[in-house]
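Predicted model, so just to flag it, every value in this text is computed and none were measured.
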Amino acid sequence: TGRFGPPPRRHCSEHFRPAFDFFDISGDGSISSGELRHAMARLGMPATDQDVTNIMEAVDADKKGTITYPEFEAAMLGKINALISQS
């Protein structure tokens with residue numbers, strides 16, 4: 001179990017793909033810090049260098065400097081689970 005809860009269940013495996021693809025501007029299957037910054041700006045949420053660093057550190061579980069689809073999905077599911085737990 002990582003920081004964002006248990007790994008995603010198999011039946012959820014592609015539900016977040018459109019959102020991931022929005023961030024994966026190059027289409028190489030991972031989100032770099034530059035892509036994260038650019039996508040957030042496109043969403044009207046400009047991010048500071050520290051914001052990007054904080055997000056990358058929280059979501060990049062393997063610490064390779066990019067966010068893969070499984071890491072992205074785990075973060076999204078973890079956030080949803082946290083919100084559900086609060087209600």
Closest non-hydrogen atom pair between [X] and [Y], with its separation:
X   : Y   : answer
E14 : E73 : N-OE2, 4.1 Å
E57 : K63 : O-NZ, 2.5 Å
M40 : I55 : SD-CD1, 3.8 Å
A39 : F23 : CB-CD2, 3.4 Å
D62 : T66 : OD1-O, 4.4 Å
D24 : I31 : N-CG1, 4.0 Å

How far does [atom1] of [X] sit from [atom2] of [Y], to the nearest 0.5 angstrom?
X   : Y   : atom1 : atom2 : result
L77 : I84 : CG    : CD1   : 9.5 Å
F22 : R17 : CZ    : CZ    : 15.5 Å
S32 : R37 : OG    : CZ    : 9.0 Å

Treating Ile, Leu, Val, Met, Phe, Trp and Tyr as nodes and any side-chain heavy-atom pair under 4.5 angstrom as an edge, say whether M45 and I25 lie in one connected cluster. no
Can you tell me if Q50 and T53 form a side-chain donor-acceptor pair at under 3.5 Å? no
Quick one: does any side-chain atom of D60 pair with a main-chain N or O of I67 as donor and acceptor, under 3.5 Å? no
M76 side chain near F20 side chain, heavy-atom distance below 4.5 Å: no
Quick one, F16 and I80 - any side-chain contact, counting heavy atoms below 4.5 Å? yes
Are more than 12 heavy atoms from other residues, nucleotides or ligands located less than 6.0 Å from atom NZ of K64? no
Can you name the residues that form a side chain to side chain contact (heavy atoms under 4.5 Å, CB included) with D51, not counting sequence neighbours? A47, T48
